[in-house]
Asker: 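Have a look at this one.
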2 protein chains.
Amino acid sequence: MPRDTGGMARTVELLWGVRTPRGTRGPRPGLSVEAITRAALAIADAEGLGAVSMQRVAKDLGYTTMSLYNYVPSKDQLVELMIDAATPPPPVPEDGDGWREEVEHWVRATWDLYHAHRWVLKVPTVHAPLGPNQMAWFEALLHGLSRGGLEGAEVMAVAQHILASARGQAALAIDLATGEDGATADFGEAMLRLATSDRFPTLHGLVAAAKPGGFDVGAEMYAGLRLGVRLLLDGVEGHVERAAPSRP
Amino acid sequence: MPRDTGGMARTVELLWGVRTPRGTRGPRPGLSVEAITRAALAIADAEGLGAVSMQRVAKDLGYTTMSLYNYVPSKDQLVELMIDAATPPPPVPEDGDGWREEVEHWVRATWDLYHAHRWVLKVPTVHAPLGPNQMAWFEALLHGLSRGGLEGAEVMAVAQHILASARGQAALAIDLATGEDGATADFGEAMLRLATSDRFPTLHGLVAAAKPGGFDVGAEMYAGLRLGVRLLLDGVEGHVERAAPSRP
DNA sequence: ACCGAGCAATGTATCCGATACAGAGTTTTA
DNA sequence: TAAAACTCTGTATCGGATACATTGCTCGGT
């Protein structure tokens, strides 16, 4: 259990660069939060989260391990920073797009984002988007959704719903595609052998039906995500119409 | 990076109790996979995943750390076992229930389940439900959904969608409620301060609107989850009707 | 009964990784 | 120009996972 190396206040400070204005004394700093974050991010992108250790980051930067602690209070915080740093500006909605298209583009972009930084999905603790970039990304989703006509709290609920789905599907897809954790390619085999028709009738049926021919897990799962989102948005439309039948 | 302590084959073996029939020789085993799993589970439930170490589990059982490795090839595998062990038999659909009710009950049960074992949401790598209990739980969802009239692959897609949402919402709710990782109660405050109306107009609006009065995060978020699921199921209904308008 | 194969438990040792702490050297400011 | 405020460094501690060698059962075959 990591100690209270600052709590949320500190995290936020770091994420938003509101660093307590350290005096102008002492030697010229050779490092910076940004440099450290960048280095860590590079490692994670290239070799996975497991390869990111304070020692490793420091070595890549040509400094001592402990020097990092002058800028970042703990590794957990560093990971926090990495996540935000991995998040680019959100997709810009195209001019003619309806709100549904805007949302669907967002979903696609999110899918791609997770694929570009698979390690993000391995970070255990997930909280609300705290950093500026994460927040901006989420804001983009809210923007699209809010055009759909939902009431305040509903927008938030549906947004979280979509975010969770995207994340979950991406995580699964990546896990199935990359045979990392031991959940490997021979997954279908095991499924078929284990999901016997007596104990798991529905599952068995589905797996058996899907069996014919190896298939592209990624594409398959993205299609699934897409379908889910579409159905959800259908539901949203219906809901909005029902609530406010006063529309031209 | 944990070595290949068995791969999925081994994992599955363990989860399903298909242990290679170890000869009948040698001293009477004092431990068992089940006992170890139970002990670990108890620790996690009581003190969180962070408190679970091989040393700790062994100590609780009154054995040496290394003796555990006679039964469980690695800690990762143990966690896998814990997750499956934490999953009880799925909710049984009540007789008069329509398929939507069945699904919604499932969602509720899942929500409760995650709350009963918060640590599960902190396990980084998530794969398809592999263990028998996990599989049974998922099967229950598939069962409900399949009654809705979706086509094979669609059932799977929507099921994963729902599972991901439930998991995501629960994770967030728990994270906000439990001030664990540093994301603490003063969350709303920070939100308001950071989500300025110029950079995050929509978010700002929503947060500001929701502000009046502290509120029950848990209830609030469950309502959100529920709404999302309902809208999704609305979408499913529409989709099914559209696809097969031939129904009494 | 007897012996050796096969296995359970132990104890010890290694190898990280995070992070506390105590200098040593560098600027700045009073 | 000395003290203050820092940045880096080096070293040390504290877990945690897990390899390995050892000890001592216990059973199956004689």
Side-chain angles (χ1 to χ4, degrees), chain A residues 1-6 10 19-36 39-40 43-44 47-82 122-125 181-182, chain B residues 1-6 10 19-36 39-40 43-44 47-82 123-124 181-182:
Chain A
M1 189 89 14
R3 320 225 324 98
D4 176 31
T5 30
R10 181 81 179 123
R19 212 152 28 280
T20 313
R22 318 199 127 278
T24 166
R25 294 185 179 176
R28 196 140 297 233
L31 285 171
S32 67
V33 177
E34 295 70 31
I36 293 173
I43 297 173
E47 304 169 47
L49 195 57
V52 178
S53 73
M54 298 306 267
Q55 1 271 315
R56 173 63 189 283
V57 174
K59 202 183 64 169
D60 281 16
L61 288 165
Y63 284 78
T64 331
T65 305
M66 289 314 290
S67 68
L68 302 188
Y69 287 94
N70 274 312
Y71 303 86
V72 169
S74 76
K75 185 183 177 179
D76 287 352
Q77 305 267 350
L78 175 54
V79 172
E80 217 71 52
L81 289 166
M82 290 167 61
K122 298 275 172 64
V123 178
T125 64
D181 310 302
Chain B
M1 188 89 17
R3 319 223 326 95
D4 175 32
T5 30
R10 182 82 181 122
R19 210 148 37 276
T20 313
R22 321 200 126 275
T24 166
R25 297 189 177 172
R28 195 138 299 228
L31 285 171
S32 67
V33 177
E34 294 70 32
I36 294 173
I43 298 172
E47 304 169 48
L49 196 56
V52 177
S53 71
M54 296 307 266
Q55 0 271 314
R56 174 63 190 284
V57 174
K59 201 183 66 170
D60 281 16
L61 287 165
Y63 283 79
T64 329
T65 304
M66 288 313 289
S67 67
L68 302 188
Y69 286 95
N70 275 310
Y71 303 86
V72 170
S74 77
K75 185 183 178 179
D76 287 352
Q77 305 267 348
L78 176 55
V79 172
E80 216 72 51
L81 289 165
M82 291 167 61
V123 178
D181 309 303

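Just so we're on the same page: letters track the sequence lines, and every chain starts at 1.
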Asker: Roughly, in whole Å, what's the span from CD in Q55(A) to P in dG10(D)?
Answerer: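 Atom CD in Q55(A) sits about 14 Å away from atom P in dG10(D).
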Asker: Rounding to an integer number of Å, can you tell me how far M54(B) CE sits from dA17(D) C1'?
Answerer: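 After rounding, the reported distance stands at 8 Å.
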Asker: Measuring to OP1 and OP2 of dA9(C), would you say a side-chain N or O of Y71(B) lies under 4.0 angstrom away?
Answerer: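 The answer is yes; a side-chain N or O of Y71(B) sits under 4.0 Å from OP1 or OP2.
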Asker: Without decimals, in angstroms, what is the distance between L49(B) CG and dG16(D) C1'?
Answerer: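 In whole Å, dG16(D) C1' and L49(B) CG are 14 Å from each other.
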Asker: To the closest 0.5 Å, what do you measure between OG1 (T125(A)) and CG (D76(A))?
Answerer: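 If I round to the nearest 0.5 Å, the distance is 7.0 Å.
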Asker: In whole angstroms, how far is the P atom of dC7(C) from the CG atom of L31(B)?
Answerer: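 Taking atom P of dC7(C) as the reference, CG of L31(B) is at 17 Å.
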Asker: Near DNA chain C, which residues from residues 58-68 of chain B have a heavy atom under 4.0 Å away?
Answerer: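 Contacting residues: Y63(B), T64(B), M66(B), S67(B).
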Asker: Side chains of residues 62-72 of chain B: which donor-acceptor partners sit under 3.5 Å, not counting sequence neighbours?
Answerer:
unit_1, atom_1, unit_2, atom_2, d
S67(B), OG, T64(B), O, 2.7
Y71(B), OH, L31(B), N, 3.4

Asker: Would a 4.5 Å heavy-atom cut-off, applied to side chains only, mark V52(B) and M82(B) as touching?
Answerer: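 Yes, close enough: below the 4.5 Å cut-off.
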Asker: Check the distance between dT9(D)'s C1' and N70(A)'s CG and give it to me in whole angstrom.
Answerer: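 My rounded result for the distance is 11 Å.
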Asker: Determine whether a donor-acceptor pair (N or O, by modelled atom type, separation under 3.5 Å) exists between the side chain of K122(A) and the backbone of G50(A).
Answerer: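 It does not hold such a pair.
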Asker: Hey, could you give me the CG/OG distance between L78(B) and S74(B), rounded to the nearest 0.5 Å?
Answerer: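 The CG atom of L78(B) sits 8.0 Å away from the OG atom of S74(B).
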Asker: Looking at residues at least two apart in the chain, or sitting in another chain, which of them share a side chain to side chain donor-acceptor pair (under 3.5 Å) with R25(B)?
Answerer: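 Side chain to side chain donor-acceptor pair (under 3.5 Å) list for R25(B), sorted by chain: empty.
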Asker: What pairs meet the salt bridge (Lys or Arg N to Asp or Glu O under 4.0 Å) rule with one or both residues in residues 58-72 of chain A, with sequence neighbours excluded?
Answerer: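 Non-adjacent pairs meeting salt bridge (Lys or Arg N to Asp or Glu O under 4.0 Å): R56(A)-D60(A).
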Asker: Report the end-to-end axis angle of the helix from dA1(C)-dT30(D) to dA30(C)-dT1(D); each axis comes from five terminal pairs, and the value is rounded to 10°.
Answerer: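 Comparing the axis at each end, I get an angle of 10°.
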Asker: When the distance from CG of L78(B) to C1' of dG16(D) is rounded to whole Å, what number comes out?
Answerer: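 That distance rounds to 14 Å.
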Asker: In whole angstrom, what separates Q77(A)'s CD from dA18(C)'s P?
Answerer: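 After rounding, the reported distance stands at 14 Å.
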Asker: For every nucleotide of nucleotides 22-30 of chain D, 5' to 3': is a protein heavy atom under 4.0 Å from its base (B), only from its sugar-phosphate (S), or from neither (-)?
Answerer: --BBBSS--
